[in-house]
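Starting from 1, each residue takes its place in the sequence as its number. Quick note: numbers below take in every heavy atom, side chains included, and nothing from hydrogens, waters or symmetry partners.
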Amino acid sequence: MKKIPISFKILYSIFGLVFMILIIKLYILAIARHDYYDKLSLENTIKTEILVPIRGQILDRNGEPLAINEVGFSLALKNRLKQHEVNKVLNFIKTHIVDVDIETLREVYEKFSSPYRRTPVTIIDFIPYAQMQVIYAAILEHENIVITPATKRFYPNNSLASHVIGYIGASDSKDREDNPTSKYTKVIGKQGLEKQYNDFLQGQLGYRKIQVNNLNQQLKLIEEVEAISSNNMTISLDVRLQEKLDAVFNEHSGAGIIMDAHTGEILAAGSYPEYNINDFIGGISHAKYKALLENPHKPLINKLINGQYPPGSVIKMGMALAFLEFTDIIESTIIHTPPYIEINGHKFRDWKSGGHGSADVYKAIRESVDVYFYKLSQIAGISNLAEIMNKMGFGVKTGIDLPYENSGIFPTPEWKMKVLSQPWYVGDTIQVSIGQGSFLATPIQIARYTALLASGKFVMPHFAKQLGDVPTKINVEDVLTNFEKSKLDAIRLGMYQVCSEPSGTAYRATQGTKVKLACKTGTAQVVGISQDTTKRTREMDMDYWHRSQSWITAFLPYNNPKYVITILIEHGGSGGRGGPLLVQLANKMQELGYIK
């Protein structure tokens with residue numbers, strides 16, 4: 001018998017070993033680990049679909065819609081179509097929707113069509129229901145087009161309360177990183193309440209797990225968790241009051257606020273001029289955005305919380321409270337008030353050229369006697385003034401439920417040295433005492449401060465009234481001492497006289513009111529007046545941008561304070577300019593039943 005060469009023996013051994021390994025592997029795959037691979041193959045056929053909730057509506061306190069979702073449809077093309085197929089389907093769409101741009105749709109499709117994509121490519125995000133109803137049957141028949149229900153944010157009142165409601169926009173990569181849900185909703189709140197309460201309004205994602213075959217066809221539903229959309233939001237605004245506020249500000253720039261003095265609920269609030277919120281849905285045009293940016297009255301700035309202005313004489317009530325606490329005067333103490341006082345050769349003049357002669361705390365508020373505040377502020381001292389004014393909310397944020405609030409400035413020696421690297425002078429204290437110098441406040445700070453004077457309560461201004469079925473919490477603090485509370489009646493009486501006595505600075509401007517008002521005017525200068533000036537130029541004769549900011553803030557009714565109205569008219573001239581606006585708003589509140 002012929003002997004087998006050793007090399008063949010080795011080769012046979014290798015073949016035998018390989019065959020044994022294959023047999024063992026086959027056993028493992030077919031028998032030993034059958035259950036594991038069976039489970040793995042099943043998992044490979046399970047598809048998870050994300051269910052996107054409908055964004056919650058924003059409703060006013062009476063259920064009137066302020067932000068809703070318009071119902072319509074989106075159009076998508078099947079993924080990985082050949083170029084001639086894409087051309088054919090786009091031309092087909094153009095015959096039914098004439099205002100589309102074919103090249104834009106093609107760019108979108110080419111950008112998102114991919115071998116790794118398993119879903120159709122959306123090329124038109126939204127077609128209104130009424131428009132789609134006419135062409136639905138024809139579009140539905142096309143084999144390469146997929147029609148899907150869609151919603152689009154819509155603001156039925158256009159510009160009404162635009163800075164409060166805000167708007168949504170397309171989510172970008174940073175949004176999706178910070179808020180993963182926006183990856184699927186594709187939109188996110190960008191401004192106002194839409195941004196502040198975005199997490200609530202967007203709802204919570206759901207999902208469906210389905211088993212599919214190799215053709216991606218559904219075999220069975222394995223699990224489903226519905227998206228949570230019980231996310232409607234009720235806010236404190238009253239559309240009827242908001243419309244009135246818009247009407248009285250028709251020709252003015254500035255801000256207006258109507259607020260509950262006891263709870264901080266805001267019934268109406270506007271920053272003027274406003275803008276059409278719907279212009280931002282789907283992306284505002286370059287021309288419209290440029291016009292908003294270049295408008296000198298700054299419609300894109302929310303002046304309610306971002307506008308920082310010298311408060312002028314509207315802060316004199318808070319100063320008077322500080323004088324009653326930190327000097328030896330009482331309400332009836334008479335202070336000599338000449339036309340000016342002079343310090344180190346500098347004359348600090350009263351607004352009234354002949355002066356007021358003398359004043360007690362009531363007259364000082366009623367007639368806005370500057371020299372009264374010049375004199376007593378030096379006795380009280382800036383530290384004591386700062387203690388009271390900080391307690392009343394100046395130099396700190398109110399905590400209002402809107403994004404990007406500014407804190408304003410209540411200047412102190414420490415602030416001046418830190419920010420300006422300059423020492424503090426007596427003249428700084430004098431300027432601060434009448435709301436000038438570096439003192440800056442926002443309209444919402446003035447409204448909250450007025451509410452404190454009216455009710456004795458330090459409220460947190462807010463718009464949210466109810467999130468879904470859950471009422472929002474009301475935040476009220478007790479910040480005043482018993483002594484300070486005991487002096488509020490005197491402060492309130494002085495404010496009442498501003499509107500009700502002929503010598504009051506708002507008496508003529510508030511005629512025609514049907515409600516007992518307590519108010520205070522403020523004329524905050526934006527340009528300095530030379531020491532050599534003996535006769536001031538009338539505000540209305542000045543260039544518009546050099547005119548003073550015009551304030552009026554009030555509570556009503558006087559005998560039972562419930563509400564606050566604060567008005568700022570940019571470059572309005574005198575503080576009384578806002579009086580007629582105040583009267584119209586107060587009368588509207590009575591008409592609507594807020595004031596009995």
Using only heavy-atom distances, determine whether the side chains of [X] and [Y] contain a donor-acceptor pair under 3.5 Å.
X      : Y      : result
Gln497 : Tyr507 : no
Gln378 : Thr429 : no
Thr521 : Thr505 : yes
Ser500 : Lys516 : no
Thr472 : Lys465 : no
Ser548 : Thr523 : no
Arg61  : Thr234 : no
Asp246 : Tyr272 : yes

Kindly give the heavy-atom pair with the smallest separation between [X] and [Y], and that separation in Å.
X      : Y      : answer
Leu321 : Met392 : CD2-CE, 3.3 Å
Tyr167 : Tyr155 : CA-OH, 3.2 Å
Pro311 : Ala524 : C-CB, 4.3 Å
Arg349 : Tyr374 : O-OH, 2.7 Å
Leu376 : Thr327 : O-CG2, 4.1 Å
Leu517 : Ala586 : CD2-CB, 3.9 Å

Classify the angle between the aromatic ring planes of [X] and [Y] as parallel (below 30°), tilted (30 to 60°) or perpendicular (above 60°).
X      : Y      : answer
Trp551 : Tyr309 : perpendicular
Phe348 : His346 : tilted
Phe394 : Phe439 : perpendicular

By salt bridge (charged side-chain N to carboxylate O under 4.0 Å, His left out) - contacts of Lys391 (at least two apart):
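Lys391 satisfies salt bridge (charged side-chain N to carboxylate O under 4.0 Å, His left out) with Glu484 once adjacent residues are dropped.
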Not counting sequence neighbours, which residues clear salt bridge (charged side-chain N to carboxylate O under 4.0 Å, His left out) with Lys562? List them please.
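Not a single residue meets the salt bridge (charged side-chain N to carboxylate O under 4.0 Å, His left out) criterion with Lys562.
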Main chain of Tyr275, side chain of Ser159: is a donor-acceptor contact present, judged purely on distance under 3.5 Å?
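Pair absent, no side-chain N/O of Ser159 close to backbone of Tyr275.
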Would you please test Glu414 and Lys418 for salt bridge (charged side-chain N to carboxylate O under 4.0 Å, His left out) and show each step?
CA-CA 6 Å; Glu414 296 76 20; Lys418 179 180 179 180; over 6 Å; no
Say you draw a straight line from CG of Leu300 to CG of Asn295; how long is it, rounded to the nearest 0.5 Å?
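The CG atom of Leu300 sits 8.5 Å away from the CG atom of Asn295.
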Dump the intermediate steps for side-chain contact (heavy atoms from CB on, under 4.5 Å) on Ile595 and Leu556, then the final yes or no.
CA-CA 8 Å; Ile595 308 294; Leu556 61 158; 4.2 Å; yes
Can you list everything that forms a side chain to side chain donor-acceptor pair (under 3.5 Å) with [X]? Sequence neighbours excluded, please.
X      : answer
Asn344 : none
Tyr197 : Asp401
Tyr362 : none
Asn231 : none

Is it the case that atom CZ in Phe200 sees more than 12 heavy atoms from other parts of the structure closer than 6.0 Å?
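Enclosed.
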Let me see the working for Ile565 and Met589 under side-chain contact (heavy atoms from CB on, under 4.5 Å), right down to the final yes or no.
CA-CA 11 Å; Ile565 300 177; Met589 294 188 75; 4.0 Å; yes
Take Lys485 and Asp478 through the salt bridge (charged side-chain N to carboxylate O under 4.0 Å, His left out) test and state the conclusion after the steps.
CA-CA 10 Å; Lys485 290 176 184 177; Asp478 192 12; 2.8 Å; yes
Quick test of your reading of the model: are Glu243 and Arg240 salt-bridged, counting only N-O distances below 4.0 Å?
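Answer for the salt bridge query: no.
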I'd like to know whether Ile341 forms a side-chain contact (heavy atoms from CB on, under 4.5 Å) with Lys375, so could you lay out the CA-CA distance, the side-chain angles of the two residues, the decisive distance to 0.1 Å, and finally the verdict.
CA-CA 8 Å; Ile341 63 171; Lys375 285 188 168 184; 4.2 Å; yes
Examine Lys347 relative to Tyr340 and say whether NZ or CZ is less than 6.0 Å from the centre of the six-membered ring and inside a 45° cone about the ring axis.
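The answer is yes; both the distance and angle limits are met.
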Verdict with reasoning, Gln584 to Leu582, per side-chain contact (heavy atoms from CB on, under 4.5 Å)
CA-CA 6 Å; Gln584 292 181 65; Leu582 170 62; over 6 Å; no
